[in-house]
Every structure is written in structure tokens, then in C-alpha cells.
Amino acid sequence: MAAPLDRMRGARSVAVVGASARPGSFGERLAIEALRSPGFARVDLVNPGYDRVQGIAVADSLDHLDEPPDLVLFGIPDAQVPDQLRAAARLGAGGAVVYGSAAGLGDELRAAAGDMPVCGAGCMGFLNLTRGCERWATWSATRCSPAASPWSRTPGRCSRRC
């Protein structure tokens, strides 16, 4: 039996809730990085305020995705996270990352997630270095900096394509 975190850590599909076309926004940054990642076979962008982001069609809600993603990234205001986390759990997502602080929402987030693993709130996401740099869920600019990583198999080079 697979560990509850396996699907999240080895995500092949990701949904970016709060994907944005607004230059410089957190939602834009998450969308661009997800679309660039070689580790994700499928990237779903979700935001009711856009039809397209980075030339990709955008779903207006998680409920309108064709299949559940392995991982959901939340680039939305804290107040919206509980409802969206419930939607991700209802959809059968493998896990979620909550970047915002979600101050005072801890109990509500735990209840909303149910059994679904959640990284955060108030985090930078995660890197799964056991699979090289292609499994990420972080907005950190250093996510693929193998020269600085003690876990890289070859100092100064990524052990996988980045």
C-alpha cells in the first residue's frame, strides 16, 4: 500500500488554483513555473476570472476539471483557501500546498482537507529531491539550484533535467 504522501510527492499532474495573467503576481508565477516543469505531464489552471493564462485554457473551478490532479497549488487569498481545499478533497486530489499564512484558519483547514495531505499553511512548498529537480511545489527561486544542494548526485549539476 502506498504511503499517503506518495501521490503528492511524486505528482505527475498539478492544478494551480489562482492562476493569473496579471504580470508579477504570485498566481502568474505559480502558473508559469508549473507549465515549465518537466515533471508534470498535465497542468490545469483554475481561476474564474480568466479564460486563458499563458495561452492555456483556464477552468473556472476545481469542480470542472476532467480528472483529479495529484497536487493542487493554492495561489489565492487566505479567506478562499478552506472552500477550495474542500473542493480539492471532494475531487480526490492527492495533496495540496497552501502558501499563504491562513492565520487563524488551522482547524478549518484540517477539517476541509479531511484525509488529503497538505503542505502548509505559511510555507514555501516542497522539493522532492529523490526524483531530481523535476518534482517541485515551491515558488522559491532556488528550487533548481543543484550547486547549492548537498543532495545533488553530481555537485554543480542537476541529476535530472531541469
Side-chain angles (χ1 to χ4, degrees), residues 2-20 22-47 53-54 59 61-62 65 68-152 158-160 162:
L5 294 176
D6 286 350
R7 186 168 164 214
M8 178 176 154
R9 291 182 318 178
R12 297 285 298 142
S13 60
V14 65
V16 179
V17 177
S20 176
R22 189 168 38 93
S25 68
F26 186 65
E28 181 199 41
R29 200 159 136 198
L30 279 179
I32 289 171
E33 291 299 318
L35 291 166
R36 285 184 186 164
S37 174
F40 299 131
R42 190 181 89 240
V43 176
D44 294 309
L45 304 179
V46 179
N47 189 327
V53 170
Q54 298 293 316
S61 76
L62 284 168
L65 299 182
D70 294 324
L71 181 63
V72 180
L73 309 177
F74 291 107
I76 55 178
D78 290 349
Q80 295 175 13
V81 173
D83 286 340
Q84 294 302 310
L85 199 53
R86 272 189 281 284
R90 191 173 51 244
L91 182 64
V97 177
V98 177
Y99 300 100
S101 70
L105 296 176
D107 290 339
E108 190 174 356
L109 294 182
R110 280 188 285 280
D115 293 333
M116 182 178 64
V118 176
C119 177
C123 71
M124 293 176 65
F126 66 89
L127 293 172
N128 183 357
L129 295 173
T130 62
R131 295 184 183 219
C133 295
E134 59 187 43
R135 294 294 190 276
W136 65 272
T138 183
W139 52 265
S140 171
T142 61
R143 76 172 172 82
C144 192
S145 181
S149 172
W151 301 284
S152 180
C158 187
S159 59
R160 305 270 179 139
C162 292

Problem set entry | Contacts of type side-chain hydrogen bond (donor to acceptor under 3.5 Å, both in side chains), residue R42, not counting sequence neighbours |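 Here the qualifying residues are D44, E67.
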Nearest atoms (heavy-atom pairs only) where [X] meets [Y]:
X: A121; Y: G100; answer: CB-O, 3.2 Å
X: D78; Y: A103; answer: OD2-N, 4.0 Å
X: P82; Y: A79; answer: CD-O, 3.7 Å
X: V43; Y: A34; answer: CG2-O, 3.5 Å
X: A15; Y: L65; answer: CB-CD1, 4.1 Å
X: V16; Y: A31; answer: CG1-N, 4.1 Å

For this session: Only counting residues at least two apart or in another chain, list the ones meeting side-chain contact (heavy atoms from CB on, under 4.5 Å) with A112.
Result: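 Counting only residues at least two positions away or on another chain, A112 forms a side-chain contact (heavy atoms from CB on, under 4.5 Å) with L85, R86.
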Seminar exercise, completed: With sequence neighbours left out, the residues meeting side-chain contact (heavy atoms from CB on, under 4.5 Å) with V81 are I76, V98, L109
Look up atom [atom1] in [X] and atom [atom2] in [Y], then write down how far apart they are to the nearest 0.5 Å.
X: L71; Y: R7; atom1: CG; atom2: CZ; result: 9.5 Å
X: M116; Y: M8; atom1: CE; atom2: CE; result: 9.0 Å
X: F74; Y: L30; atom1: CZ; atom2: CG; result: 11.5 Å
X: L62; Y: Q84; atom1: CG; atom2: CD; result: 5.5 Å

Exercise. Using 4.0 Å as the upper bound for N to carboxylate O, is an ion pair formed by D70 and R12?
Worked result: no
Exercise. Does the side chain of L35 reach to within under 4.5 Å of the side chain of L45, using non-hydrogen atoms?
Worked result: yes
Exercise. Is any side-chain heavy atom of L91 closer than 4.5 Å to a side-chain heavy atom of P69?
Worked result: yes
